[in-house]
Asks: 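The structure under discussion is supplied below as structure tokens; questions concerning it will follow.
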Amino acid sequence: MRVGVLTFHRCINYGSYWQARCLVEAIAARGHHAVLLDHHSRDVTSREWRYAFQPLTPDRSSRADVAQYGRKLRKFVAAFDALPLSAPFDLDDPAAMPSVDLAVIGSDEVLNLSHPWYGGKPIFWGEGIPAPRIVTYAASFGNYAAPFVEPRWSARLRDLDAISVRDDNSRGIVAGATGRAPALVLDPVLLNPPQVAPAGEAPYVLVYGHHIPPWFADRVRDAARARGLRTISVGYRNDWADEQRLDAGPQDFAALMAGAQAVATTYFHGCCFALVNGKPLACAPSDYRWTKVRDLTALLGAERHLTFEDRDPGDVAALLAEPVSDGVQARITDLRAQSAAWLDAALAGRA
């Protein structure tokens, strides 16, 4: 079949890039002609690029940092262009989208009605897509936690041929909107992990996130220094880290994750990459991403990797020294098999 994947594949965000690539490659590996449906929007691109250069808003990036963020952006654009893409079309005019035999919406926050620039775009709910069948894989509402959605959105969910989500929050919202519980599957990064050679560097703790709480920063820095490890901040400036890799592209990011001694993050995909690589992991909550990391760690039995300000400061040091447990690894393996079976069924029209 010709299968089109509809997701946030042009975000200047490591997780967005890799979830899109991992899903389209997983479908192609099953013998289908898989492409990313290449939607474009001047408004979305403008917002995305402004954020890429000024991720620490309201603080302004220095001229030196802007130059590094520019190199990062160019690496992302080159990575986007190397993906298997459909003919381009306007995000707000899906009638111009090339037709496919099956459209797969997801993963990422495709259903997040409060997303700052993609929220409420009808295309991510299946409207106007020229395909005889439309399903979702690992779709998420992100931090949208309302117990219900408006009737127009509920109707669109009910019109989809099959729905799977990646977190319990999204499962509850879909069940409330449609009257039936969707399948719960793994994010594509966990389903079909990137095969990337680790960065060949002296031992380090990889830091991933921005606006990291000062209490977490202090504990990560102290834990790393106690073990004689450098801290490398990837993608965003964290002045407390020993090194800044602001210009890292998607491949650089995956290599740094694969080569790290441990990972400290506030991001959902920071957790995914750490866990799939078996790295010691400490994750602190953040307002925007709390729902996602809470549900991910609960799904995998990895709640131990979450840490909070009111805990013993030594908790972070312990987390950054502990490998991922056999129980978590086994849970990922089991869920990977279940998720692959659901994807196979969806591709075959049985889901």
Asks: Is it true that D159 and R156 have a side-chain N and a carboxylate O under 4.0 angstrom from each other?
Replies: no
Asks: For W153, is the CH2 atom crowded, meaning more than 12 foreign heavy atoms sit under 6.0 Å from it?
Replies: yes
Asks: Between the side chains of D242 and R230, is the shortest nitrogen-to-carboxylate-oxygen separation below 4.0 Å, so that they form an ion pair?
Replies: no
Asks: CG/D295 to CG/L300 distance, rounded to the nearest 0.5 angstrom?
Replies: 10.5 Å
Asks: For residues S154 and A177, report the shortest heavy-atom separation together with the two atoms involved.
Replies: OG-CB, 3.4 Å
Asks: Is there a path of hydrophobic side-chain contacts, each under 4.5 Å between heavy atoms of I/L/V/M/F/W/Y residues, joining Y144 to L160?
Replies: yes
Asks: Can you name the ring pair (Phe, Tyr, Trp, His ring centres under 6.0 Å) partners of Y288, sequence neighbours left out?
Replies: none
Asks: Side-chain contact test, heavy atoms from C-beta onward, threshold under 4.5 Å: evaluate it for D38 versus H9 and give yes or no.
Replies: yes
Asks: Using the ring pair (Phe, Tyr, Trp, His ring centres under 6.0 Å) rule, pick out the option among Y267, Y236, F76 that qualifies with Y14.
Replies: F76
Asks: So, R133 and D101, do they make that salt bridge, N to O below 4.0 Å?
Replies: no
Asks: Taking the side chain as every heavy atom from C-beta outward, state whether I105 and I129 have any pair of such atoms under 4.5 Å apart.
Replies: yes
Asks: Should the pair F253 and F273 be assigned to parallel (<30°), tilted (30 to 60°) or perpendicular (>60°) ring geometry?
Replies: perpendicular
Asks: Test: salt bridge (Lys or Arg N to Asp or Glu O under 4.0 Å). Region: residues 318-328. Which pairs qualify, not counting sequence neighbours?
Replies: R304-E322
Asks: More than 12 heavy atoms of other residues, nucleotides or ligands under 6.0 Å from CG of D81: is that the case?
Replies: yes
Asks: Flag yes if more than 12 heavy atoms outside R180 fall under 6.0 Å of its CZ atom; otherwise flag no.
Replies: yes
Asks: Is the H269-Y17 ring centre distance short of 6.0 angstrom?
Replies: no
Asks: What's the shortest heavy-atom distance between L191 and L186, and which atoms?
Replies: N-CB, 4.3 Å
Asks: Within the 4.5 Å heavy-atom criterion, are Q54 and R60 side-chain neighbours or not?
Replies: yes
Asks: For D315 versus T307, what's the shortest heavy-atom pair and its separation?
Replies: OD2-OG1, 2.8 Å
Asks: Does CZ in F148 sit with more than 12 non-hydrogen atoms of other residues, nucleotides or ligands closer than 6.0 Å?
Replies: no
Asks: Quick check: do R10 and L85 have side-chain heavy atoms less than 4.5 Å from each other?
Replies: yes
Asks: Does any non-hydrogen side-chain atom of W125 lie less than 4.5 Å from one of L113?
Replies: yes
Asks: Quick test of your reading of the model: are R171 and D168 salt-bridged, counting only N-O distances below 4.0 Å?
Replies: yes
Asks: Search all heavy atoms of P94 against all heavy atoms of G128 and return the closest pair with its distance.
Replies: CB-O, 3.6 Å
Asks: Within a strict 4.5 Å, meaning less than it, do heavy atoms of the E243 and Y204 side chains meet?
Replies: no
